[in-house]
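The chains referred to below are lettered A, B, ... by the order of the sequence lines, with proteins before strands, and numbering in each begins at 1. What you are looking at is a predicted structure, and each value in this text was computed from that prediction instead of being measured.
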Amino acid sequence: MDTTKLLSLLRTCSGSGSKSLIRAKLIHQKIVIQGLQSNIVLCKSLINLYFSCQNYDSANLVFRTIENPLDLSLWNGLLAAYTKNYMFFEALDLFDRLLQNPFLKPDSFAYPSVLKACGGLGRVGCGKMIHTHLIKTGFGLDIVVSSSLVGMYAKCHKFEYAIKVFDEMSARDMASWNTVISCYYQDGQADKALELFKKMRDSGFEPNSVTLTIVISSCSRLLDLERGKEIHKEYVKDGFVFDSYVSSALVDMYGKCGCLEMAREVFDQTPVKSVVAWNSMIGAYSSKGDSKSCIELFRSMHWKELNPQ
DNA sequence: GTAGGGTTAG
């Protein structure tokens, strides 16, 4: 069996569950038998497959078995896989090993994952060191890297630093704006978040579902029903199949503002209801003292085989 | 056919 065949096998094998894990191990075995355990493309695909099966030890083993892992994208892919799965210690550990490798240097694709790990662990000291390094190397000019810096400082509750980095960015994209709007929201400054939302639109950006989630939540926190309604009308199209984050935020906003009818309307229109949507709707009835509806919803939540948290 | 950042409640 050649590399192309193995690669297409790996690609059809996506998904989780025990079945695909067994298949992953079989393909892994074939790769080793053919002596292809240092083939970068195959290893990257196999590592991703093991991650989708949540078998992190095997993914790690694949990486460690590669004789000369001198391909940066392999490291960056593993770093991203770790942070995507909230394995922040593992990500920082891998980054350390990358720094120790005499033949490799981290590039602009490595830093976003590492900064996310720093933020996730609240390691602001580590984040600051990386910040200094980014200024020296020039990688901080990269829009994704600098947005990650903003996010890292915000996660570490260093909001002044976060805003400073954002203000100094020479170019911004949608995600940078979302990061800074979310930063104000996290800092308890929902009014500032809405202010930045306006600035974002004035700069020529149309909000996406991430933006809408944060600004609707900001309206909720400010109990600003009128503003929330406006945003709902203007940006969330009628009969549109809602994004589950946006619809949960809307249910919460209407519920908090005491507008039960609208909360229920959005809730009923949401095809795939998240746990947050259920909790927000139940919370809305609860705040009105309507325990009958609370219990009714709680029962149908179980009926839908959704586990309450 | 390569690898990166941003989202909701309690």
Side-chain angles (χ1 to χ4, degrees), chain A residues 4 7-8 10-11 40-45 47-48 51 71-84 91 94-95 98 106-120 134 139-140 142-155 162 165-166 169 172-186 190 193 196-197 200 205 207-221 228 242-256 263 266-267 270 273-284 286-287 308-309:
Chain A
T4 325
L7 199 55
S8 69
L10 281 164
R11 276 169 185 159
I40 299 297
V41 181
L42 283 177
C43 286
K44 266 199 271 190
S45 190
I47 287 171
N48 284 331
F51 262 94
D71 182 297
L72 252 188
S73 76
L74 184 72
W75 292 74
N76 292 342
L78 190 55
L79 275 172
Y82 278 141
T83 48
K84 209 174 277 172
L94 183 64
F95 183 64
L98 176 58
D107 64 358
S108 61
F109 277 81
Y111 288 109
S113 304
V114 179
L115 288 166
K116 196 176 169 180
C118 291
L134 290 174
F139 284 127
D142 184 291
I143 194 165
V144 181
V145 172
S146 48
S147 299
S148 305
L149 258 180
V150 177
M152 182 277 295
Y153 280 127
K155 283 277 181 310
V165 174
F166 178 79
M169 283 172 74
R172 294 163 187 142
D173 65 5
M174 176 74 76
S176 338
W177 280 102
N178 288 341
T179 308
V180 79
I181 294 172
S182 156
C183 177
Y184 279 118
Y185 177 75
Q186 288 174 63
L196 265 281
F197 173 56
M200 179 191 110
F205 287 97
N208 66 3
S209 62
V210 178
T211 327
L212 291 174
T213 306
I214 312 166
V215 293
I216 292 167
S217 305
S218 300
C219 296
S220 170
R221 199 176 278 171
F242 291 132
D243 175 276
S244 92
Y245 279 86
V246 175
S247 65
S248 305
L250 280 171
V251 171
D252 171 65
M253 187 270 294
Y254 282 122
K256 289 267 166 60
V266 174
F267 182 77
T270 309
K273 299 169 178 57
S274 69
V275 186
V276 180
W278 284 92
N279 289 348
S280 299
M281 196 62 237
I282 293 171
S286 159
S287 69
Q309 277 178 354

Nucleotide by nucleotide, 5' to 3', does protein get under 4.0 Å of the base (B), only the sugar-phosphate (S), or neither (-) in nucleotides 1-8 of chain B, counting heavy atoms?
BBBBBBBB
Among all residues two or more places apart in sequence or in another chain, which pass the side chain to side chain donor-acceptor pair (under 3.5 Å) test with A:Y184?
none
Output all residues satisfying side chain to side chain donor-acceptor pair (under 3.5 Å) with A:Y245, sequence neighbours left out; order by chain, then residue number.
none
Output all residues satisfying ring-ring contact (aromatic ring centres under 6.0 Å, His included) with A:F51, sequence neighbours left out; order by chain, then residue number.
A:Y56, A:Y82
Considering residues at least two apart in sequence or located in another chain, which fulfil the ring-ring contact (aromatic ring centres under 6.0 Å, His included) criterion with A:F267?
A:W278
A:T270: side-chain contact (heavy atoms from CB on, under 4.5 Å) partners, not counting sequence neighbours
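Result, side-chain contact (heavy atoms from CB on, under 4.5 Å) vs A:T270: A:F242, A:S247, A:V266, A:K273.
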